[in-house]
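Hydrogens, waters and symmetry mates play no part in the numbers below; they use all other heavy atoms, side chains included.
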Amino acid sequence: MTISRRHFVSLTGAGALTLAAPVIRTAQAASPAKIGVLLPLSGPLASLGNDVLRGFQLAQSFVNAKGGVFGAPVEFAQVDVPGSTEATSQAQRLITSDRVKVIIGSYASAISFAASQVAERNKVVYFEQGAVADDITSRGFKYLFRFIYPSTELGRKCAEYVVEKVIPGVGLTAANAKVAILTENSNNGTAVGAGAKAYLTEKGINLVDHSSYDFKTNDLSSMVQRYKSLEVDILIAEQYTPDAILFWRQAREAGLKLKAMIGNGGGHNVGDFADALGDDVNGILNTGTSVYINPNALQPDTATLFKRFHEEYPKMFEGRKPSAHSGMGFNAMYTVLNDILPAAGSMDTEKIREAALAQDKPIGSSIVGWGLKFDPKTQNNTRAFPTYDQWQNKQIQSIGPEPFGIAKKTTMPLPDWGQRANVGQ
């Protein structure tokens with residue numbers, strides 16, 4: 001639960017990765033499966049988008065090593081989408097120029113919202129691996145599927161963790177704990193904040209501030225000073241990487257003292273955050289996208305795949321450790337290539353859609369311990385919603401960010417700046 005920068009563990013993102021029967025080859029191999037890949041590979045979201053891409057590439061290599069799909073290697077048609085303004089044109093390019101029938105993206109909610117609309121209009125199947133804004137799947141689209149939970153659920157789970165574990169962990173009560181919520185102001189951040197606020201209000205928690213900002217900002221010092229004047233005890237922060245680094249750096253410069261900081265966005269579980277701030281990241285809690293999986297809870301074949309994922313990733317990517325986001329990317333791409341497309345039997349979009357809806361892998365068949373089942377109305381993976389007891393006691397051993405790792409013990413309250421070298425060990 002507590003970040004320990006120097007202890008790396010095997011983590012994967014939420015989502016589903018399931019195993020199916022091997023690809024069945026016919027005497028005459030079908031055409032290669034060309035998959036459209038749409039991610040932010042440059043700009044402010046680049047570190048996160050490239051982590052997802054590495055997960056996609058590892059899944060592609062695994063599937064191609066055993067014969068590909070339809071008896072031919074899987075090909076990627078890849079586009080860089082730095083932000084939502086490029087999403088529409090780049091999605092259209094994949095469809096008209098590269099003639100893809102499947103697009104997988106996109107990590108960022110604003111990008112996903114725009115790109116999936118283009119895919120729907122053209123009857124192209126769109127698999128969303130990591131964007132969580134509620135409104136992505138609330139439009140009744142026929143060809144859109146999401147592997148991960150919606151934002152409000154993420155915010156609610158974070159608030160639940162604060163109420164059940166963090167407040168008592170720092171020696172406070174619901175009545176006297178001063179809690180604040182800080183989010184970037186995209187659809188995702190707004191929904192995460194709303195979900196967290198609703199739960200905290202329901203439980204009678206003293207919410208002293210709920211603020212948002214543009215994630216492209218270059219100054220968050222006013223928020224730091226605001227929290228100092230309010231004497232905030234516990235901060236829930238939903239942030240991307242550059243703004244997470246900016247906020248925590250300015251908090252350190254100003255000497256902001258918190259009893260607990262809970263990271264609820266992608267910025268707190270990537271190596272760039274640790275590299276920028278060193279041991280001062282130790283002790284931040286995270287209830288976002290990364291979890292430590294208990295391999296003993298997995299089916300034998302899946303446990304083998306889980307082990308292989310963590311062995312092969314550093315070999316393929318120059319010694320890098322897989323982040324939660326690369327795990328999420330791997331989960332989604334491997335499921336599509338290994339399960340859904342073989343079940344569809346062709347790149348016909350109607351058959352792919354039917355194959356996706358027919359997926360019903362049981363708990364334990366996924367490397368995240370849940371499985372895959374798409375709701376035909378919302379197109380969300382309904383098994384991406386673990387209960388609090390499941391998070392704590394069953395397939396998932398602990399909650400915490402990668403690549404900093406999950407510490408052997410939780411450290412609360414948060415030690416002062418410069419005193420976190422051994423936190424969580």
Side-chain angles (χ1 to χ4, degrees), residues 29-46 48-50 52-57 59-61 63-64 68-131 133 135-147 186-187 329 332-337 339-357 374 379:
S31 300
K34 182 184 287 188
I35 306 298
V37 171
L38 187 149
L39 289 168
L41 304 176
S42 63
L45 302 178
L48 301 168
N50 280 282
V52 174
L53 177 62
R54 284 185 278 269
F56 284 178
Q57 291 170 334
Q60 178 191 30
S61 72
V63 171
N64 282 345
V69 176
F70 314 134
V74 175
E75 298 177 358
F76 283 175
Q78 181 179 307
V79 293
D80 176 18
V81 185
S84 59
T85 55
E86 298 88 357
T88 298
S89 61
Q90 291 291 59
Q92 192 66 52
R93 171 187 160 187
L94 286 173
I95 294 167
T96 57
S97 297
D98 295 295
R99 299 187 180 278
V100 302
K101 298 298 182 183
V102 172
I103 297 174
I104 305 183
S106 58
Y107 176 74
S109 293
I111 294 173
S112 179
F113 188 89
S116 59
Q117 185 166 308
V118 175
E120 184 73 15
R121 186 168 61 244
N122 288 274
K123 297 184 179 181
V124 167
V125 179
Y126 194 100
F127 289 105
E128 179 50 57
Q129 58 76 217
D135 56 5
I136 293 172
T137 54
S138 65
R139 295 170 290 175
F141 284 0
K142 179 180 178 181
Y143 298 97
L144 170 64
F145 296 89
R146 176 160 60 185
F147 283 86
S186 71
N187 292 359
M333 184 62 75
Y334 192 88
T335 301
V336 170
L337 300 183
D339 295 342
I340 295 174
L341 293 186
S346 75
M347 294 301 289
D348 179 88
T349 54
E350 296 301 327
K351 291 181 179 178
I352 295 170
R353 179 178 181 274
E354 291 171 6
L357 289 172
F374 289 117
Q379 310 298 79

Ignoring hydrogens and geometry, is there a side-chain-to-backbone donor-acceptor pair from Asp348 to Glu350 under 3.5 Å? yes
Given side chains that start at C-beta, do those of Val100 and Ile35 come closer than 4.5 Å, heavy atoms only? no
Out of curiosity, Asn187 CG to Ser84 OG, how far, rounded to the nearest 0.5 Å? 9.0 Å
Does Pro40 reach the side chain of Leu48, with side-chain heavy atoms less than 4.5 Å apart? no
Within the side chain of Glu354, is there an N or O that forms a donor-acceptor pair under 3.5 Å with the backbone of Ala344? no
Hey, are the side chains of Phe56 and Gln78 touching, using non-hydrogen atoms and a 4.5 Å cut-off? no
CE-OG distance between Met333 and Ser61, expressed to the nearest 0.5 angstrom: 11.5 Å
For the residue pair Arg139 and Ser116, confirm or rule out a side-chain donor-acceptor distance under 3.5 Å. yes
Look at the side chain of Thr349 and the backbone N and O of Lys101, then say whether any donor-acceptor pair between them is shorter than 3.5 Å. no
Can you check whether Val74's main-chain N or O pairs, donor with acceptor, with Gln60's side chain at less than 3.5 Å? yes
Quick check on side-chain hydrogen bond (donor to acceptor under 3.5 Å, both in side chains): which of Gln117, Glu128, Gln129 does Ser112 satisfy it with? Glu128
How long is the straight-line distance from CZ of Arg121 back to CZ of Phe141, given to the nearest 0.5 Å? 9.0 Å
With a 3.5 Å distance limit and no angle check, can you tell me whether Glu120 reaches the backbone of Lys142 through a side-chain donor-acceptor pair? yes
So, for Ala355 and Ile340, which heavy atoms are closest and what is the spacing to 0.1 Å? CB-O, 3.5 Å
Could you state the interatomic distance from CG (Asp80) to CG (Leu39), rounded to the nearest 0.5 Å? 8.5 Å
What one should report as the nearest heavy-atom pair of Leu337 and Pro342 is O-CD, 3.2 Å
Across all chains, not counting sequence neighbours, the side chain to side chain donor-acceptor pair (under 3.5 Å) partners of Ser138 are none
In terms of ring plane angle, is the pair Phe127 and Phe147 parallel, tilted or perpendicular, where the classes change at 30° and 60°? tilted
Step by step, would you call Leu357 with Phe145 a side-chain contact (heavy atoms from CB on, under 4.5 Å)? CA-CA 9 Å; Leu357 289 172; Phe145 296 89; 3.7 Å; yes
Identify the heavy atoms of Met347 and Val102 that sit nearest to each other, and give their distance. CE-CG2, 3.9 Å
4.5 Å side-chain heavy-atom contact, Val118 and Ile103: no
What's the shortest heavy-atom distance between Ala133 and Ser109, and which atoms? N-OG, 3.1 Å
Does a side-chain heavy-atom distance below 4.5 Å link Tyr334 with Val63? yes
List the atom of Gly105, the atom of Tyr126, and the distance in Å for their closest heavy-atom pair. CA-OH, 4.1 Å
Those residues at least two apart in sequence (or on a different chain) that pass side chain to side chain donor-acceptor pair (under 3.5 Å) with Asn50 are none
Would you compute the distance between atom CZ of Arg93 and atom CG of Asp98 and round it to the nearest 0.5 angstrom? 6.0 Å
So does Val125 get a backbone contact from the side chain of Arg353, meaning a donor-acceptor N/O pair under 3.5 Å? no
Can you tell me how far apart CG (Leu94) and CG (Asn122) are? Round to the nearest 0.5 Å. 11.0 Å
Any donor and acceptor pair, going by atom type alone, linking the side chain of Glu86 with main-chain N or O of Thr88 inside 3.5 Å? no
Any donor-acceptor pair under 3.5 Å linking the side chain of Gln379 with the backbone of Arg146? no
